[in-house]
Colleague: 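Dropping the structure in here first, questions after.
So you know, we letter chains A, B, ... as the sequences are listed, proteins then strands, and number each from 1.
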Amino acid sequence: MPFGFLRAMVEMSSATTLEAGKAQPEKLPKIRPKLGRDDWVMRAFILVIGLYLVITLALPLYAMLSKSFNTYAFDLSRYELQMDKGTGWGKTLSVQTLNEISGKYQAKDLKTSSDGRLSVVSMIEGFSFRSKTQYRLRNAQAGGAFLIGSERKIDTDWHEFTSNEFRRVVLKPVQSTGFDNFVQYFSNPSLFNSIFNSLFIAIVTTFITITLAFTFAYALARSRMRFKGLFKTIAMAPILVPSLLPGIALVYLFGNQGILKDLMGDQSIYGPIGIIAGSVFFTFPHAMIIIQTSLSISDARLYEASDVLGASKPKTFFTVTLPGARYGLISAGFVVFNLVITDFGLPKVIGGQFNVLAVDIYKQVIGQQNFEMGAVVSVVLLIPALLAFSVDRLVQKKQVALLSTRSVPYEPKPNRRFDTIMFSYAALVGAMIVGTLAICQYAALIKFWPYDLSLSLTNYDFDLMDGGGWGSFSNSIKLGFLVAIIGTVVVFLGAYMVEKAQGFSIGRGIFQFLAMLPMAIPGMVLGLAYIFFFNNPANPFNFIYGTLGIMVICTVTHFYTVSHLTALTALKQMDKEFESVSASLKQPVYKLFSRVTVPVCLPAILDISIYLFVNAMTTVSALIFLYSPDTTLASVAMLNMDDAGDIAPAAAMGMMIFYVNSLARLLHHFASKGLYAKTQAWRKR
Amino acid sequence: MGEETGQGAAFLEVRNLTKKFGAFTALKDISLDVAEKEFICFLGPSGCGKTTFLRAIAGLDIHTSGAITQAGRDISNLPPSERDFGIVFQSYALFPNLTVKRNIAYGLENAKGQKDHIANRVDELLNLVGLPDQGDKYPAQLSGGQQQRIALARALATSPGLLLLDEPLSALDARVRSHLRHEIKILQEKLGVTTIMVTHDQEEALTMADRIVVMNQGTIEQVGTPLEIYREPATLFVADFVGEMNKIPGSAVSEDTVRIGEISLHCGSTKLVKGSKGTVTIRPEDIMVVSETSGVKSKNAIDVTISQLEFLGSFWRARLMNEKLGEAPLIADFSVDTVRRMSLEEGSAIKIGLPSHALRFFESNG
């Protein structure tokens with residue numbers, strides 16, 4: 001310390017002598033740019049939307065993380081007791097001493113959860129509520145707490161009780177921080193086995209989906225088969241339904257009363273087989289679209305070169321096709337892995353006794369009300385999801401570099417044998433997807449499967465079932481619209497600020513990080529984090545808990561990243577000098593934004609809104625924790641009806657979601673086309 | 001050279017401008033005066049800082065230290081919207097979803113801009129850039145050259161005091177480029193708007209600019225009229241960058257004599273430092289063929305052999321060898337007429353003259 005002080009003194013004195021001696025090269029003052037009105041507007045927006053992400057993402061996640069490290073135990077030394085066996089108050093005893101005398105509880109028995117309660121009389125040997133003994137209890141220090149019934153006492157006064165009254169006195173646990181929850185988790189095989197189960201399901205599904213999706217994408221990109229447009233549309237259909245719908249279809253096909261049950265032999269569909277089959281169904285379009293993109297950018301010249309050099313077809317495939325698509329394959333692999341390991345709806349419906357992480361969170365929180373353990377499982381689930389996300393981001397960056405090279409698009413040549421094989425394959429996959437949807441629709445219209453196969457609409461009497469009835473259906477549509485509108489505005493404005501604001505690079509960097517984060521956060525984890533954060537009475541935003549509002553916010557945040565990237569891509573394609581030109585013409589930035597940026601980006605804006613709408617209609621995971629009796633949703637209703645054994649109505653509801661989403665897609669298609677004709681006239685030459 | 005003291009205070013004054021990007025210094029202590037109505041070109045290789053300089057003047061990337069004064073007002077720290085300039089970019093940056101007319105009208109649509117007035121002004125500008133009938137088209141329907149004219153009209157719409165052109169012609173093909181070059185120059189003279197253009201194309205700079213600012217590695221090498229830059233390059237860099245130039249290692253043997261190899265040559269300058277080493281330069285077109293019959297005489301006459309003769313259309317390029325000059329050939333441009341008249345061919349032995357006013361000597365640093 002003294003040394004540092006001395007040095008400072010020396011530096012100061014040398015500085016003064018230098019100044020006096022002059023002759024030092026003149027150091028010009030740094031220019032501090034004056035911020036124009038536009039700069040202020042942009043910064044204010046970054047701040048507002050950044051704050052939105054902090055409140056809806058960073059803080060809830062923090063609350064969840066800290067919850068996972070909260071441990072609760074009874075601290076017996078905090079309480080003092082006196083007894084009067086008719087001879088006046090005896091000497092003061094610590095409850096700890098009391099426990100040592102009776103030997104009732106060991107140290108490990110005193111660990112508990114936030115809701116744990118410990119009866120005092122259980123530690124008194126030979127206690128009888130009929131005895132005449134009087135008791136009095138006090139907190140040895142302020143802040144300790146015990147309950148008389150549900151009345152909490154935190155003062156240090158003595159409270160007197162008869163034996164009968166004393167039965168109702170319980171101690172509250174004390175909170176501390178530590179790894180105890182994790183220790184407990186990993187010492188319980190029935191809990192941590194889920195990690196292996198989840199990884200097993202995710203890895204197996206990833207391999208199957210990638211193989212199927214690659215072949216399908218290959219057929220689309222490299223063959224001259226017919227009906228490509230139709231096949232592509234069918235392949236995208238699974239995106240329009242909740243992930244639990246294929247589960248319901250599998251129940252009807254291979255369940256205990258399934259049509260094809262005999263095919264299963266000794267195996268049960270309820271378990272890993274069902275989860276994997278359903279997961280392949282709902283992840284197929286995600287993988288297919290990524291792989292198709294990577295196949296479509298490969299360079300025709302490479303194929304010509306390979307052909308000229310006399311390479312055989314298989315050799316060309318392994319030396320040109322596969323390496324060209326490798327980033328797409330890796331990226332698709334991690335996307336599928338992430339979707340499967342974080343999915344909740346499907347394993348809930350068809351998982352049977354096979355536990356996976358996402359369902360464990362639900363069981364801990366909803367089933368056992370053990371929020372701390374729910375938080376621990378969430379943290380465990382976060383790790384593979386974050387890993388998969390990071391690898392995917394790395395790979396995507398490389399893929400972009402690959403795209404920038406100028407390549408000649410590949411034009412497949414007709415080859416009857418190959419085209420026929422590819423057509424048969426695509427037809428088979430298409431038939432399975434359509435079949436899955438069809439069996440759900442059929443089951444929904446059957447009176448009483450499998451005994452009375454006559455058609456009826458009774459399964460559509462949702463109001464007679466659990467789950468919120470038709471109200472939940474309209475709630476879902478309301479949610480879809482709100483998420484689409486609010487989400488699109490927030491996402492597009494945010495992306496614009498990140499892309500176009502000048503300076504303020506730290507702020508923009510943080511914003512960009514926050515915008516990328518939601519993709520790595522499983523829905524279950526986000527939903528649980530929202531409970532911890534928004535259900536806290538001390539939170540000023542507590543008022544939105546239990547409303548449709550919190551579900552809108554949660555859904556927008558949950559699907560933020562993909563929307564953000566779509567907006568960024570569109571914005572990056574615009575000339576980066578538009579802002580400069582507009583400023584030089586002394587026009588405010590909002591004028592440029594409304595007159596040029598938004599009209600030019602309209603196709604991307606429509607894409608974002610349909611993406612948000614469809615996902616709001618189908619998502620279950622985050623919202624399962626957030627709905628209230630007034631705000632039940634169609635997808636959640638499906639889950640609850642299935643839980644209650646009303647599988648046919650669940651299928652009916654799932655198909656309603658499918659039809660709404662299909663309609664939305666169709667409208668989006670025509671709206672895009674119409675707008676394109678009207679406002680994008682400039683694109684035509 | 002380049003002093004504008006006669007015209008009073010400069011319209012644009014740049015003092016000790018420095019721009020740093022982190023540890024990298026893009027502009028080092030630059031000062032420059034630009035007179036009103038002047039056409040200035042920033043010329044230099046890519047990465048020399050010319051665009052950075054232009055963007056600092058525009059306020060698009062505000063400099064780290066130093067001062068910029070425009071029309072007597074210190075604009076150093078002002079955002080672009082509070083400065084007075086119009087700008088045209090290499091990419092045109094026309095708004096693709098607005099018609100040509102609305103692109104031009106973009107800067108005019110202020111609170112009190114009257115519709116008729118705006119429409120008249122737009123028509124006037126369309127006439128000015130020679131595209132009166134293209135107003136209702138979208139930018140994508142126009143050719144590159146047409147788009148750049150619209151961008152120019154848009155930049156001029158608000159009658160800015162300063163016009164900034166950032167490589168405006170680089171994206172166009174050669175024929176359109178030379179045509180537009182001429183048109184922009186005429187337009188600039190007609191409107192009398194002070195103009196700064198960034199270019200890496202020396203031909204563009206030489207034909208258009210009143211004065212050229214040659215830049216290299218974040219500093220100004222020379223400021224001068226095109227003729228000054230070409231004839232009297234201040235540094236070896238300028239000599240080399242602008243036009244063709246023979247560069248021969250040599251040394252100064254007296255105040256006005258340089259030596260290359262074994263040959264001493266009289267040089268126009270009389271301020272050479274005796275004994276200093278450096279580079280002797282001469283432009284290929286300044287080398288003359290000397291013949292007794294033609295009567296052309298030269299102090300600096302050398303015997304050489306033509307090792308190669310190349311036909312380049314309007315002239316011949318010859319490679320001249322003389323062991324005494326060293327191993328590198330001397331490049332000379334001879335007119336078609338000279339070659340025919342003197343029946344020059346590869347292998348001919350001739351005598352050439354290196355006029356002393358065309359010879360320059362640049363001391364090497366250190």
Side-chain angles (χ1 to χ4, degrees), chain A residues 25-43 500-505 570 573-605 675-685, chain B residues 15-20 29 55-56 58-68 75-99 102-110 137-142 151 154-155 157-158 160 162-164 166:
Chain A
E26 193 183 352
K27 184 90 179 152
L28 285 161
K30 220 178 146 177
I31 296 286
R32 290 186 62 87
K34 180 185 165 195
L35 293 178
R37 183 187 45 188
D38 289 347
D39 295 313
W40 285 115
V41 170
M42 302 277 263
R43 281 173 194 209
K500 304 291 180 186
Q502 295 280 317
F504 203 44
S505 54
Q573 283 168 357
M574 295 186 59
D575 195 315
K576 63 187 190 325
E577 307 293 7
F578 282 168
E579 275 68 22
S580 307
V581 166
S582 183
S584 79
L585 295 168
K586 300 189 175 39
Q587 299 298 324
V589 70
Y590 59 80
K591 180 171 168 184
L592 179 74
F593 184 76
S594 60
R595 291 274 303 276
V596 179
T597 314
V598 170
V600 171
C601 293
L602 212 53
I605 291 173
L675 276 168
Y676 197 87
K678 202 172 164 196
T679 65
Q680 313 269 312
W682 53 271
R683 285 193 197 268
K684 281 181 237 136
R685 269 212 154 231
Chain B
R15 290 288 170 269
N16 308 102
L17 196 76
T18 297
K19 171 73 184 176
K20 289 181 179 165
D29 199 30
R55 293 180 71 87
L60 296 171
D61 286 320
I62 288 179
H63 50 280
T64 314
S65 64
I68 303 176
I75 57 167
S76 301
N77 67 345
L78 297 183
S81 54
E82 293 178 32
R83 300 186 183 202
D84 175 25
F85 71 95
I87 191 161
V88 175
F89 292 101
Q90 182 181 344
S91 64
Y92 326 132
L94 290 174
F95 305 132
N97 62 322
L98 303 182
T99 60
R102 290 183 64 198
N103 259 289
I104 298 175
Y106 187 86
L108 299 169
E109 294 162 350
N110 275 334
K137 289 189 177 167
Y138 287 98
Q141 295 167 309
L142 302 179
R154 182 178 63 181
T158 51
L162 180 63
L163 179 63
L164 304 177
D166 186 6

Colleague: Can you tell me which of L585(A), D38(A), T597(A) forms the most heavy-atom pairs within a distance under 4.5 Å of chain B?
Modeller: L585(A)

Colleague: Check whether any side-chain heavy atom of K586(A) sits under 4.5 Å from a side-chain heavy atom of E82(B), and report yes or no.
Modeller: no

Colleague: Is the side chain of E577(A) donor-acceptor paired with the backbone N or O of A93(B) at a distance under 3.5 Å, no angle test?
Modeller: no

Colleague: If I compare all heavy atoms of I87(B) with all of S584(A), which pair ends up nearest, and what's the gap?
Modeller: CG2-OG, 3.7 Å

Colleague: So which part of S582(A) gets closer than 4.5 Å to some heavy atom of chain B, the side chain, the backbone, both or neither?
Modeller: both

Colleague: Could you check which of T18(B), T158(B), L60(B) has the highest count of heavy-atom pairs closer than 4.5 Å to chain A?
Modeller: L60(B)

Colleague: Test side-chain contact (heavy atoms from CB on, under 4.5 Å) on F95(B) and V600(A); report intermediate values, then the result.
Modeller: CA-CA 9 Å; F95(B) 305 132; V600(A) 171; over 6 Å; no

Colleague: Relative to chain B, which segment of D39(A) carries a heavy atom at a distance below 4.5 Å: side chain, backbone, both, or neither?
Modeller: side chain

Colleague: Taking C-beta and beyond as the side chain, do M574(A) and P96(B) meet within less than 4.5 Å on heavy atoms?
Modeller: no

Colleague: Backbone N or O of R595(A) within a donor-acceptor pair of the N97(B) side chain at under 3.5 Å?
Modeller: yes

Colleague: Under 6.0 Å from the six-membered ring centre of F89(B) and within 45° of its axis: does the NZ or CZ of K576(A) meet both?
Modeller: no

Colleague: Heavy-atom pairs under 4.5 Å with chain A: which of P79(B), P160(B), G59(B) has the most?
Modeller: P79(B)

Colleague: Out of I62(B), I75(B), N77(B), which one pairs with K34(A) under the side chain to side chain contact (heavy atoms under 4.5 Å, CB included) rule?
Modeller: N77(B)

Colleague: Please name the pair of heavy atoms, one in I31(A) and one in G66(B), separated by the smallest distance, quoted to 0.1 Å.
Modeller: CD1-O, 3.1 Å

Colleague: If I measure from the heavy atoms of chain A, does R154(B) come under 4.5 Å with its side chain, its backbone, both, or neither?
Modeller: both

Colleague: Could you tell me the separation between the OG atom of S580(A) and the CG atom of L164(B), rounded to the nearest 0.5 Å?
Modeller: 11.0 Å

Colleague: Judged by atom type as modelled, is there a donor-acceptor pair below 3.5 Å linking the side chain of Y106(B) to the main-chain atoms of V581(A)?
Modeller: no

Colleague: Report the option among R32(A), R37(A), K591(A) that has the most heavy-atom pairs separated by less than 4.5 Å from atoms of chain B.
Modeller: K591(A)

